[in-house]
Colleague: 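Quick one: the structure is below, questions incoming.
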2 protein chains.
Amino acid sequence: MSNGVVFIVDDDEAIRDALAWLFQSRGVMAETFVSAADFLSGWTPWHRGCMVLDIRMEGMTGLELFDRLQELKSSLPVIFLTGHGDVPMAVSALKKGARDFVEKPFNDNDLVDRVIEALAWDAAQRESDADAALLAARLASLSLRERQVMDLVLAGKLNKVIADDLGITMRTVEVHRAHVFEKMEVRTAVELAQLMSQKRG
Amino acid sequence: MSNGVVFIVDDDEAIRDALAWLFQSRGVMAETFVSAADFLSGWTPWHRGCMVLDIRMEGMTGLELFDRLQELKSSLPVIFLTGHGDVPMAVSALKKGARDFVEKPFNDNDLVDRVIEALAWDAAQRESDADAALLAARLASLSLRERQVMDLVLAGKLNKVIADDLGITMRTVEVHRAHVFEKMEVRTAVELAQLMSQKRG
DNA sequence: CCACTCATTGTGGATTACCCCAATGCCGGG
DNA sequence: CCCGGCATTGGGGTAATCCACAATGAGTGG
């Protein structure tokens, strides 16, 4: 299994312990937190896995913690736990991007299944994030001129036209173009176009 | 406003009429149906707008109608109406792709707002669908050979290599390549790559 | 002051891409 | 049987790309 961790935030110690035991018995690593603040204090963008979050808690509620994490650009999938059914709350949470919303008392197996799904989703997410980061790093390694040349190449312009647009010689454009291909690790303009298109659409 | 229509399906005549009046008073066209079957019998893939669907109905329920529409590849956004709060049902519906889930009694303005959002979403969807259809039509106009050549061009291969792969002359590859550009309405291989990448990622 | 990166330009040749003109063979429809 | 679409190939020429060798000037950091 992946190295994702389930982060459990609930102010009820009995539930925390029961959940942690439940997940670990199915081979899923779990960490528990007594409050939203407790979790936030240790959170970093590198946390991977998923969250199981109680709605009703002292201090910051689960929903508030969720909002806070969204502000912090966390992409951790969130599964809410709630004691009393509240449709508008569930709908609102899901529309804001929560992954799931489960009522207590919950079915143990069902909850674990949902967590495992969320972990798989997060793992896939991390992978495409890594791809995006790699591409961003390559883009960042381009000099200003190289970036300008690349943009014009992607606009389908000929070297001659690019040279004219930038007010430089065709020879210089060729040099920049070659550097772009090298730094972006592609061999042709077609590959470059595919690489760049992938990241925008 | 757009020409999207709200399709209301509810077996309670009083609610149907109230909803229809409500939407029309805000400038949104509405059509009403007494049952899921009533709606399905007239549905076509060209229907555009959104659905407001009662959950509890005689015969086929709103949820069943939703499932049926998904099977039929309908992309109409669906807003469910329900009389009794049921969190698992709401969560399940939203996770299956429903757009919204509203409890009765609902706030009139709030519901209209959600419908208008859904209509806007559908309009945007139709636009990108149209783009996809146009592209598909262009692809369909390619002959087998042209398609093969295009694939190899998108793989970044040189005409010489393509000719060798297909066992034909470079001259012939050039001809097919030119036809591909013409039919796909692009001027360069880069544009072609961008056009094709858009539709897969 | 020196090393290093970046942007710039030149010459010249090998390789490709792009196009016009022209032609052949196959196949399905009218 | 003729027409049109499709696949195929050739000749011949222009334009563009790719590259190796070679060099200059500005700006940064040690």
Side-chain angles (χ1 to χ4, degrees), chain A residues 132-201, chain B residues 132-201:
Chain A
L134 181 58
L135 201 166
R138 289 177 187 171
L139 279 177
S141 75
L142 297 178
S143 69
L144 174 62
R145 260 310 197 225
E146 287 162 353
R147 184 59 185 269
Q148 293 172 335
V149 170
M150 186 186 79
D151 288 343
L152 294 173
V153 167
L154 291 178
K157 299 192 177 185
L158 298 177
N159 286 352
K160 182 199 289 185
V161 180
I162 296 174
D164 198 59
D165 283 3
L166 296 179
I168 56 182
T169 307
M170 214 172 68
R171 186 66 191 83
T172 308
V173 173
E174 289 176 19
V175 173
H176 288 317
R177 186 187 181 114
H179 285 164
V180 168
F181 284 8
E182 190 183 333
K183 288 184 177 177
M184 298 303 289
E185 294 179 39
V186 295
R187 295 177 51 67
T188 68
V190 169
E191 283 182 38
L192 181 64
Q194 290 169 338
L195 192 62
M196 291 292 104
S197 294
Q198 163 204 333
K199 287 302 170 184
R200 308 199 167 173
Chain B
L134 181 59
L135 202 167
R138 290 177 187 172
L139 278 177
S141 76
L142 297 179
S143 71
L144 175 61
R145 262 306 198 230
E146 287 162 355
R147 184 58 186 270
Q148 292 172 337
V149 170
M150 186 186 79
D151 288 344
L152 294 173
V153 166
L154 291 178
K157 300 192 177 184
L158 299 177
N159 286 353
K160 182 200 289 186
V161 180
I162 296 174
D164 198 59
D165 283 2
L166 296 180
I168 57 182
T169 308
M170 214 172 69
R171 187 65 191 78
T172 309
V173 173
E174 288 176 18
V175 173
H176 288 317
R177 185 186 182 117
H179 285 163
V180 168
F181 284 8
E182 189 182 333
K183 289 184 177 177
M184 300 303 289
E185 295 180 38
V186 296
R187 296 176 50 68
T188 68
V190 169
E191 284 182 38
L192 182 64
Q194 290 169 337
L195 192 62
M196 291 293 104
S197 294
Q198 162 203 335
K199 285 302 169 183
R200 308 200 166 174

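All values reported here derive from a predicted model rather than from experimental measurement. Sequence lines set the chain letters: A, B, ... in the order given, protein chains first and strands last, and positions in each chain run from 1.
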Colleague: Main chain of B:Q194, side chain of B:S197: is a donor-acceptor contact present, judged purely on distance under 3.5 Å?
Modeller: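 Checked: no pair found.
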Colleague: Toward the 5' end of DNA chain D, which comes first, A:M170 or B:G167, by nearest nucleotide?
Modeller: B:G167
Colleague: How long is the line joining NZ of A:K157 and C1' of D:dA15, in whole Å?
Modeller: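 Checked: the NZ to C1' distance equals 19 Å.
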Colleague: The side chain of A:R177 is closest to which nucleotide in this list: C:dC6, D:dT17, D:dT8?
Modeller: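 The listed nucleotide nearest to A:R177's side chain is D:dT17.
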Colleague: In whole Å, what is the span from the NE2 atom of B:H179 to the P atom of C:dA17?
Modeller: 18 Å
Colleague: Can you confirm whether A:L135 sits close enough to A:M184 that some side-chain heavy atom of one is under 4.5 Å from a side-chain heavy atom of the other?
Modeller: yes
Colleague: Grab the CE-C1' distance between B:M150 and D:dA7 for me, whole Å please.
Modeller: 18 Å
Colleague: Consider side-chain contact (heavy atoms from CB on, under 4.5 Å). Of B:V153, B:L154, B:D151, which one does B:M196 pass it with?
Modeller: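 That would be B:L154; it is the only one of B:V153, B:L154, B:D151 passing the side-chain contact (heavy atoms from CB on, under 4.5 Å) with B:M196.
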Colleague: Give one of base, sugar-phosphate or nothing for A:T172, where a contact means two heavy atoms less than 4.0 Å apart.
Modeller: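 Base contact.
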Colleague: In plain terms, say whether A:R171 and A:E174 are close enough for a salt bridge, that is, a side-chain N and a carboxylate O under 4.0 Å apart.
Modeller: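 A salt bridge is present here (some side-chain N lies under 4.0 Å from a carboxylate O).
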Colleague: Out of D:dT9, C:dT9, D:dA7, which nucleotide sits closest to the side chain of B:V175?
Modeller: D:dT9
Colleague: Could you work out which one of C:dC18, C:dC6, C:dT9 sits closest to the side chain of B:E174?
Modeller: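 Within the option list, the nearest is C:dC18.
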Colleague: Taking CG from A:L158 and P from D:dC18, how many angstroms apart are they, rounded to a whole number?
Modeller: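 Going from A:L158 (CG) to D:dC18 (P), I get 11 Å.
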Colleague: Between D:dA7, C:dT8, D:dC18, which nucleotide has the shortest distance from any of its atoms to the side chain of A:I168?
Modeller: C:dT8
Colleague: Just N and O in the side chain of B:N159: are any of them under 4.0 Å from OP1 or OP2 of C:dA17?
Modeller: yes
Colleague: Starting from the 5' end of DNA chain C, give me the residue, B:A178 or A:S143, whose nearest nucleotide shows up first.
Modeller: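 The residue mapped nearer the 5' terminus is A:S143.
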Colleague: Taking atom types as they are modelled, would you say the side chain of B:E146 forms a donor-acceptor pair with the base of D:dC6 within the 3.5 Å cutoff?
Modeller: no
Colleague: Tell me the closest heavy-atom pair linking A:R145 and A:L166, and the distance in Å.
Modeller: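 That closest heavy-atom pairing would be NH2-O, 3.5 Å.
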Colleague: Nearest whole Å is fine: how far is D:dA16 P from B:R187 CZ?
Modeller: 12 Å
Colleague: Kindly say if B:K160 contacts the phosphate of C:dT16, meaning a side-chain N or O under 4.0 Å from OP1 or OP2.
Modeller: yes
Colleague: Calculate the interatomic distance between A:L144 atom CG and C:dT5 atom C1'; express it in whole Å.
Modeller: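 To the nearest whole Å, that distance equals 14 Å.
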Colleague: With a 4.0 Å cut-off on heavy atoms, is A:R171 in touch with a base, just the backbone sugar-phosphate, or nothing at all?
Modeller: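 Counting heavy atoms under 4.0 Å across all strands, the contact made by A:R171 includes a base.
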Colleague: So which nucleotide from C:dT8, D:dC6, D:dC18 ends up closest to the side chain of A:H176?
Modeller: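 Nearest to the side chain of A:H176 among the choices is C:dT8.
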Colleague: What is the distance, to the nearest angstrom, from the CZ atom on B:F181 to the C1' atom on C:dC18?
Modeller: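 Checked: the CZ to C1' distance equals 10 Å.
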Colleague: Measure CZ/B:R145 against C1'/C:dC27 and give the value in whole Å, please.
Modeller: 17 Å
